[in-house]
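First up is the structure itself, then whatever we jot down about it.
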Amino acid sequence: MQVQAKNWLGEIREITLFDWQQCIPESTYYGYYRRGLGRVKEAKLHLDREAGVAASERTDKPTRSYPITDEATDELSVSLALQCSLQAGQQDIKLQVADERSLEAHRYRVVGEESLEIDGQRIETVKVQRQRGANSKRQTYMWFAPQHDYLLVQLLQENSDGDHVMTLQSMEGL
């Protein structure tokens, strides 16, 4: 799976390679590339399932290795794992997520249903929240559309620097 965004300021590209094991996209590779304002940041994560180790490479940083579980996925594949788990009727979802630093347990919970307007259409959604520690100032909410195979249609990240929202712009072709 690849996600890419470009404009005149720069670009961001993420790619993941994985194998499906039930509802878990078991990652073997994750790549991140960002170019903008004269800077380039690149990160690569190789997940060796046979050895049970992830190796992380990042621009201007030493290579880092750490142990992983068989169920490890990467940050980009999380939305696919959630989509599949929601299709299976799960309400409380736990994932093992590898990033450039370590393997973390992520927990997600269905917190309600909402109707969103996307591309002039009313879309019924299931709202999912990432469960973080009680003292966390960061909140993440995701909206998935059951009528469209639980496609992720909106994401909200609340941080100390403000809210960041990504919303699907078109339902064309769905």
Side-chain angles (χ1 to χ4, degrees), residues 1-88 90 93-108 118-119 128 130 132 138 140-145 148-157 159 161 164-174:
M1 176 170 77
Q2 180 172 313
V3 176
Q4 185 172 356
K6 280 181 153 180
N7 66 19
W8 62 276
L9 290 173
E11 74 176 295
I12 295 175
R13 182 175 57 243
E14 290 180 276
I15 186 168
T16 181
L17 303 175
F18 60 86
D19 293 311
W20 277 108
Q21 294 298 327
Q22 298 176 12
C23 269
I24 304 297
E26 291 182 351
S27 304
T28 56
Y29 173 81
Y30 167 80
Y32 174 88
Y33 174 83
R34 181 180 68 204
R35 177 185 54 80
L37 302 175
R39 293 183 168 172
V40 172
K41 177 184 175 185
E42 195 166 4
K44 298 176 183 175
L45 180 64
H46 300 273
L47 294 94
D48 183 339
R49 299 202 170 277
E50 287 184 24
V53 174
S56 170
E57 305 169 36
R58 184 175 165 192
T59 305
D60 301 327
K61 302 277 183 180
T63 299
R64 170 183 260 164
S65 296
Y66 57 87
I68 57 170
T69 63
D70 285 341
E71 304 86 33
T73 194
D74 64 82
E75 293 181 327
L76 184 58
S77 300
V78 165
S79 65
L80 296 175
L82 291 172
Q83 182 179 12
C84 183
S85 296
L86 291 168
Q87 287 173 333
Q90 294 181 31
I93 302 160
K94 295 175 186 161
L95 299 171
Q96 296 294 316
V97 181
D99 66 16
E100 61 190 51
R101 292 176 296 281
S102 64
L103 182 69
E104 292 184 2
H106 287 202
R107 188 166 163 225
Y108 299 86
I118 299 190
D119 197 22
V128 174
R130 176 162 175 206
R132 299 180 188 271
R138 175 186 284 181
T140 305
Y141 296 94
M142 291 168 271
W143 289 260
F144 294 85
H148 298 282
D149 293 324
Y150 288 90
L151 176 69
L152 176 63
V153 294
Q154 185 166 279
L155 182 137
L156 168 64
Q157 181 78 45
N159 293 324
D161 67 346
H164 306 277
V165 181
M166 291 187 300
T167 303
L168 182 68
Q169 295 298 301
S170 174
M171 298 299 290
E172 187 175 319
L174 297 178

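Taking CD of Q2 as the start and CG of L17 as the end, the distance is 10.0 Å to the nearest 0.5 Å. Of the inter-residue distances, the one linking R34 atom CZ with E14 atom CD reads 10.5 Å to the nearest 0.5 angstrom. Atom-to-atom distance recorded for C23:SG and Q87:CD is 7.5 Å, nearest 0.5 angstrom. In this structure, M142 CE and Q157 CD are separated by 9.0 Å, a value rounded to the nearest 0.5 Å. For the atom pair OH (Y150) and OG (S85), the distance works out to 11.5 Å, reported to the nearest 0.5 Å. The distance from atom OG of S77 to atom CD1 of I24, rounded to the nearest 0.5 Å, is 10.0 Å.
Take D70 and apply the side-chain hydrogen bond (donor to acceptor under 3.5 Å, both in side chains) test, not counting sequence neighbours, and it matches no residue. The ring pair (Phe, Tyr, Trp, His ring centres under 6.0 Å) check on Y29 picks up H46, with sequence neighbours excluded.
Side-chain contact between Y66 and R101 is absent, with no heavy atoms from C-beta onward closer than 4.5 Å. Side-chain contact between E100 and Y32: absent, with no pair of heavy atoms (C-beta onward) separated by less than 4.5 Å. For the pair Q83 and L152, the minimum side-chain heavy-atom distance is 4.5 Å or more. Contact check for Q21 versus E71: no side-chain heavy atoms found under the 4.5 Å cut-off. Annotation: side chain of Q96 is not in contact with side chain of I68 (no heavy-atom distance under 4.5 Å). Residues L45 and D99 have side chains not in contact (no heavy-atom distance under 4.5 Å, counting atoms from C-beta outward). Side-chain atoms of L151 and L168, non-hydrogen and from C-beta on, do get closer than 4.5 Å to each other. In this structure, T140 and R132 have side chains that are in contact, with non-hydrogen atoms separated by less than 4.5 Å.
Remark: M166 CE is loosely packed, at most 12 non-hydrogen atoms of other residues, nucleotides or ligands lying under 6.0 Å away. Around the NZ atom of K41, the shell of radius 6.0 Å holds more than 12 heavy atoms that belong to other residues, nucleotides or ligands. By the 6.0 Å contact criterion, CD on Q22 is open, its count of non-hydrogen atoms from other residues, nucleotides or ligands being 12 or less.
The aromatic rings of W20 and F18 sit perpendicular to each other, their planes meeting at more than 60°, with 30° as the lower class boundary.
A donor and an acceptor atom, one from each side chain of T167 and Q154, are located under 3.5 Å apart.
For Q169 against D119, the heavy-atom pair with the smallest separation is O-CB, 3.5 Å. Residue L103 comes nearest to T69 through the heavy atom pair CD2-N, 3.7 Å, listed as atom of the first residue, atom of the second, then distance. Closest non-hydrogen pair, F144 versus L82, comes out as CZ-CB, 3.8 Å.
S27 contributes a side-chain N or O that, together with a main-chain N or O of D74, makes up a donor-acceptor pair within less than 3.5 Å.
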For side-chain hydrogen bond (donor to acceptor under 3.5 Å, both in side chains), just list the numbers for T63 and E57, CA-CA rounded to whole Å, side-chain angles, deciding distance to a tenth of an Å, and then say yes or no.
CA-CA 5 Å; T63 299; E57 305 169 36; 5.5 Å; no
T16 and T73: side-chain contact (heavy atoms from CB on, under 4.5 Å), yes or no, with the steps?
CA-CA 9 Å; T16 181; T73 194; over 6 Å; no
